[in-house]
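Heads up: the structure comes next, in structure tokens.
Numbering starts at 1 and runs along the sequence shown. Just the heavy atoms: all of them, side chains too, but no hydrogens, waters or symmetry mates, feed the values below. Keep in mind it's a predicted model, so treat the numbers as computed, not measured.
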Amino acid sequence: MYACLSHCWGEKPHFQTTRANIDNHKKSIPWKILPKTFQEAVDFTRRLQFRYLWIDSLCIIQEDSDDWNQQSIIMGNIYRNAAITLAASASSGSGEGLFRQTKIRKVSYGLDRICNQPDYKGIFVREKLRILHSTSDHPLTSRGWVLQERLLSPRVLHFGKHELMWECMTQSACSCMELPGDTYWLQPKQKYQKLILDQVTDSQTANAWRDMVTDYSRMKFTYESDIFPAISGAVKEMEQSIQSRYLAGLWESTLTQDML
């Protein structure tokens with residue numbers, strides 16, 4: 001079992017694996033030179049008792065077209081097969097970390113013991129959270145590669161500006177318990193899964209794809225050349241149900257409708 005990290009790279013210089021340092025990285029990477037986001041992701045992965053953590057900038061050899069071509073093809077499977085993806089959603093760069101300081105009034109307080117049972121864990125209360133789930137507070141969610149990472153990962157834990165947010169194949173939830181219905185980047189994603197798509201009509205499947213493209217069109221890219229690779233894993237997932245030839249964002253069976 002392993003976890004994945006979803007993160008914004010931020011401004012250069014990036015901490016990454018290259019042909020020049022790969023031999024050293026295979027031996028060890030000193031803890032103190034890891035960016036804060038990487039350190040905290042490793043720490044959280046250890047708390048989950050997982051041994052492995054996949055980080056794109058370290059596990060793919062950067063500025064190496066051969067390795068990139070090989071790895072980009074299987075990127076979807078990497079996220080699909082992970083036990084969980086840790087998303088540094090509130091961070092715009094790898095130096096900002098996963099965790100955030102919570103305002104004192106939003107911290108949970110333990111009540112005095114009210115039960116004599118030996119397994120009593122306590123009851124905690126806090127002020128009701130009132131949070132805006134905006135992309136401006138969660139810069140990762142506007143990045144192009146992240147849509148595919150979200151849709152394919154069986155479980156995603158977002159480390160937000162004020163709270164944790166959870167996504168799995170059946171629901172989305174957050175600490176404040178008031179997730180707005182118009183928060184597109186946290187919409188339930190089960191409608192894109194093969195198990196669901198195989199039970200609906202061709203028209204509904206086509207509409208699911210168009211919804212995905214609509215969300216994808218909102219995303220930002222550093223390199224325009226990433227636009228098609230960054231959704232290729234999701235395409236493979238949908239292709240099993242659509243059973244049509246994929247034509248650079250369109251499907252042959254619905255070509256006319258998709259172009260409208």
| remark: Scanning both residues in full, the closest heavy-atom pair of Gln148 with Ser232 reads OE1-N, 3.2 Å

| message | Measuring from atom CG of Leu98 to atom CG of Asp43, what distance do you get when rounded to the nearest 0.5 angstrom? | response | 9.0 Å

| note | The remaining residues in the hydrophobic cluster of Val146, counting side-chain heavy-atom contacts under 4.5 Å among Ile, Leu, Val, Met, Phe, Trp and Tyr, are Leu140

| said: Using the side chain to side chain donor-acceptor pair (under 3.5 Å) criterion, which residues pair with Asn207? Sequence neighbours excluded. | reply: Arg210

| Does Gln204 offer a backbone N or O that forms a donor-acceptor pair with the side chain of Thr201 under 3.5 Å? | yes

| remark: To the nearest 0.5 Å, atom CG of Asp202 lies from atom OG of Ser241 at 10.0 Å

| query | Is the side chain of Lys236 donor-acceptor paired with the backbone N or O of Ile73 at a distance under 3.5 Å, no angle test? | reply | yes

| message | Do Met212 and Met169 land in one hydrophobic cluster if side-chain heavy atoms of ILVMFWY residues count as linked below 4.5 Å? | response | no

| query | How far apart are the C-alpha atoms of His14 and Gln62, what are their side-chain angles, what is the distance that settles it, and do they pass the side chain to side chain contact (heavy atoms under 4.5 Å, CB included) test? | reply | CA-CA 10 Å; His14 301 135; Gln62 304 302 314; over 6 Å; no

| query | Is there a side-chain contact between Tyr2 and Thr45 (heavy atoms, below 4.5 Å)? | reply | no

| Under a single-linkage definition using a 4.5 Å side-chain heavy-atom cutoff for Ile, Leu, Val, Met, Phe, Trp and Tyr, are Phe50 and Leu58 assigned to the same hydrophobic cluster? | yes

| query | How does the hydrophobic cluster around Ile22 look, that is, which other residues are in it when side-chain heavy atoms under 4.5 Å mark a link? | reply | Ile61

| How about Arg150 and His158: do any of their side-chain heavy atoms sit closer than 4.5 Å? | yes

| remark: Sorted by chain and number, sequence neighbours left out, side chain to side chain donor-acceptor pair (under 3.5 Å) with Trp209 holds for none

| Are any non-hydrogen side-chain atoms of Leu53 and Phe44 less than 4.5 angstrom apart? | no

| message | Can a donor-acceptor pair be found, under 3.5 Å and without considering hydrogens, that links the side chain of Glu252 to the backbone of Leu247? | response | no

| task | Determine yes or no for a side-chain-to-main-chain donor-acceptor pair under 3.5 angstrom, with Glu11 supplying the side chain and Gly93 the backbone. | result | no

| field | Transitive ILVMFWY side-chain link Ile55 to Trp9, under 4.5 Å | value | no

| Quick check: are there more than 12 heavy atoms from other residues, nucleotides or ligands sitting under 6.0 Å from CD of Gln240? | yes

| said: Are Tyr223 and Tyr216 connected into the same hydrophobic cluster when the rule is that any two of I, L, V, M, F, W, Y join if their side-chain heavy atoms are below 4.5 Å apart? | reply: no

| query | Does Asn69 use its side chain to pair, donor to acceptor, with the backbone of Asp66 at less than 3.5 Å? | reply | no

| query | Same cluster for Met219 and Met238 if Ile/Leu/Val/Met/Phe/Trp/Tyr side chains link at under 4.5 Å? | reply | yes

| request: Taking Ser72 for its side chain and Pro229 for its backbone only, find out whether a donor-acceptor pair lies under 3.5 Å. | output: no

| Does Phe38 reach the side chain of Ile33, with side-chain heavy atoms less than 4.5 Å apart? | no

| Does the side chain of Arg80 reach to within under 4.5 Å of the side chain of Glu237, using non-hydrogen atoms? | yes

| query | Can you tell me how far NE2 of His162 sits from CG of Asp137, rounded to the nearest 0.5 angstrom? | reply | 5.0 Å

| field | Any side-chain heavy-atom pair of Ile78 and Gln71 under 4.5 Å | value | yes

| message | What's the separation between atom CG in Asp56 and atom CG in Leu5, rounded to the nearest 0.5 Å? | response | 7.5 Å

| field | Shortest non-hydrogen separation from Ala90 to Gly160 and the atoms involved | value | CB-C, 3.6 Å

| Got Arg143 and Thr222 here, is their nearest side-chain heavy-atom distance under 4.5 Å? | yes

| said: Under the rule for side chain to side chain contact (heavy atoms under 4.5 Å, CB included), what residues qualify as partners of Glu96, not counting sequence neighbours? | reply: Ser91, Ser92, Arg100

| query | Can you tell if the side chain of Trp166 reaches within under 4.5 Å of the side chain of Val156, non-hydrogen atoms only? | reply | no

| How far apart are the closest heavy atoms of Phe15 and Ser57, and which atoms are they? | O-OG, 3.5 Å

| said: I'd like to know if the side chain of Thr17 pairs up with that of His25 as donor and acceptor (distance under 3.5 Å, no hydrogens or angles considered). | reply: yes

| query | Closest approach of Gly97 and Thr37, non-hydrogen atoms and distance? | reply | N-OG1, 2.9 Å

| Arg51 side chain to Met1 backbone, donor-acceptor under 3.5 Å | no

| request: Could you tell me the separation between the OG atom of Ser253 and the CZ atom of Arg245, rounded to the nearest 0.5 Å? | output: 11.0 Å

| note | Residues Gly233 and Leu152: closest non-hydrogen pair is C-CD1, 3.8 Å

| Donor-acceptor pair, Glu40 side chain versus Phe99 backbone, under 3.5 Å? | yes

| remark: Residues pairing under ring pair (Phe, Tyr, Trp, His ring centres under 6.0 Å) where one sits in residues 67-91, two or more places apart or in two chains, turn out to be Trp54-Tyr79, Trp68-Trp145

| message | Give me the atom names and distance for the closest heavy-atom approach of His7 to Ser94. | response | ND1-CB, 4.5 Å

| What distance do Gln243 atom CD and Thr205 atom OG1 have between them, rounded to the nearest 0.5 Å? | 10.0 Å

| Short question: side chain of Asn21, backbone of Gln16 - any donor-acceptor pair under 3.5 Å? | yes

